[in-house]
Amino acid sequence: MTSTTGTAHPSETSGTPDPYADAPTTMLPAMRAPADGPQAPRIKQAPPGTTTLPAAGFSWVPAAGLGYEAKLDDASWRACDGDWYAIFIDLPAGPHHFYVRSVDRTSGARSDAARYDWVVG
């Protein structure tokens, strides 16, 4: 018997019977990023759709191996200090748009952005 990697099973090289030879096995699917890159994060906390507060906090569900970039309105993308949140203060009145995207820390691939719109009134 050989393993799926093609190396010899310990009982084949040592002559010792394998105590787990008849045990049921489960094959798990390979864990990898989709071919087109990481998935967009899911925003889980955001301000109400209309608010009088000139500040906003956002959080999203983090995933292992990913970093995050965010932006507000038409600003440039910036790396997030935290892996699952962003906070903005001193917001002017009017409509705002928050964007967050995942960044694979190994390949640098970026996801599509998740977006949230709200109004400071």
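Here, residue 1 is the first one in the sequence, and each next residue gets the next number.
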| message | To check you understand the geometry: which heavy-atom pair defines the closest contact between Pro95 and Asp73, and what is its length? | response | O-OD1, 4.2 Å

| task | Tell me, please, which residues at least two apart from Phe98 pass ring pair (Phe, Tyr, Trp, His ring centres under 6.0 Å). | result | Phe58, Phe88

| message | For Tyr85, I'd like to know if atom OH has over 12 heavy atoms of other residues, nucleotides or ligands within 6.0 Å. | response | no

| field | Ser102 side chain vs Ala40 backbone, donor-acceptor pair below 3.5 Å | value | no

| Under 3.5 Å: donor-acceptor pair, side chain of Tyr116, backbone of Pro47 | yes

| request: Would you please name every residue forming a side-chain contact (heavy atoms from CB on, under 4.5 Å) with Ala63, sequence neighbours left out? | output: Leu66, Tyr68

| request: Report the residues that fulfil side-chain contact (heavy atoms from CB on, under 4.5 Å) with Ser107, sequence neighbours left out, ordered by chain and then residue number. | output: Asp104, Ala109

| Set of residues satisfying side chain to side chain donor-acceptor pair (under 3.5 Å) with respect to Asp112, sequence neighbours excluded | none

| task | Only counting residues at least two apart or in another chain, list the ones meeting side chain to side chain donor-acceptor pair (under 3.5 Å) with Asp74. | result | none

| message | Using side-chain heavy atoms (C-beta onward) and a distance below 4.5 Å, is Pro41 in contact with Val100? | response | yes

| Going from CG on Leu91 to CG on Leu53, what distance comes out if it is rounded to the nearest 0.5 angstrom? | 10.0 Å

| Which residues pass the salt bridge (Lys or Arg N to Asp or Glu O under 4.0 Å) test with Arg105, sequence neighbours left out? | Asp83

| said: For Asp117, give me all partners under salt bridge (Lys or Arg N to Asp or Glu O under 4.0 Å), at least two apart in sequence or on another chain. | reply: Arg115

| said: Determine whether Trp118 and Thr50 satisfy the following criterion, side-chain contact (heavy atoms from CB on, under 4.5 Å), listing intermediate values before the conclusion. | reply: CA-CA 6 Å; Trp118 83 106; Thr50 301; over 6 Å; no

| task | With sequence neighbours excluded, give me every salt bridge (charged side-chain N to carboxylate O under 4.0 Å, His left out) pair touching residues 41-62. | result | none

| task | Just grab all the salt bridge (charged side-chain N to carboxylate O under 4.0 Å, His left out) pairs involving residues 55-71, residues at least two apart or on different chains. | result | Glu69-Arg101, Glu69-Arg110

| Under a single-linkage definition using a 4.5 Å side-chain heavy-atom cutoff for Ile, Leu, Val, Met, Phe, Trp and Tyr, are Ile43 and Val120 assigned to the same hydrophobic cluster? | yes

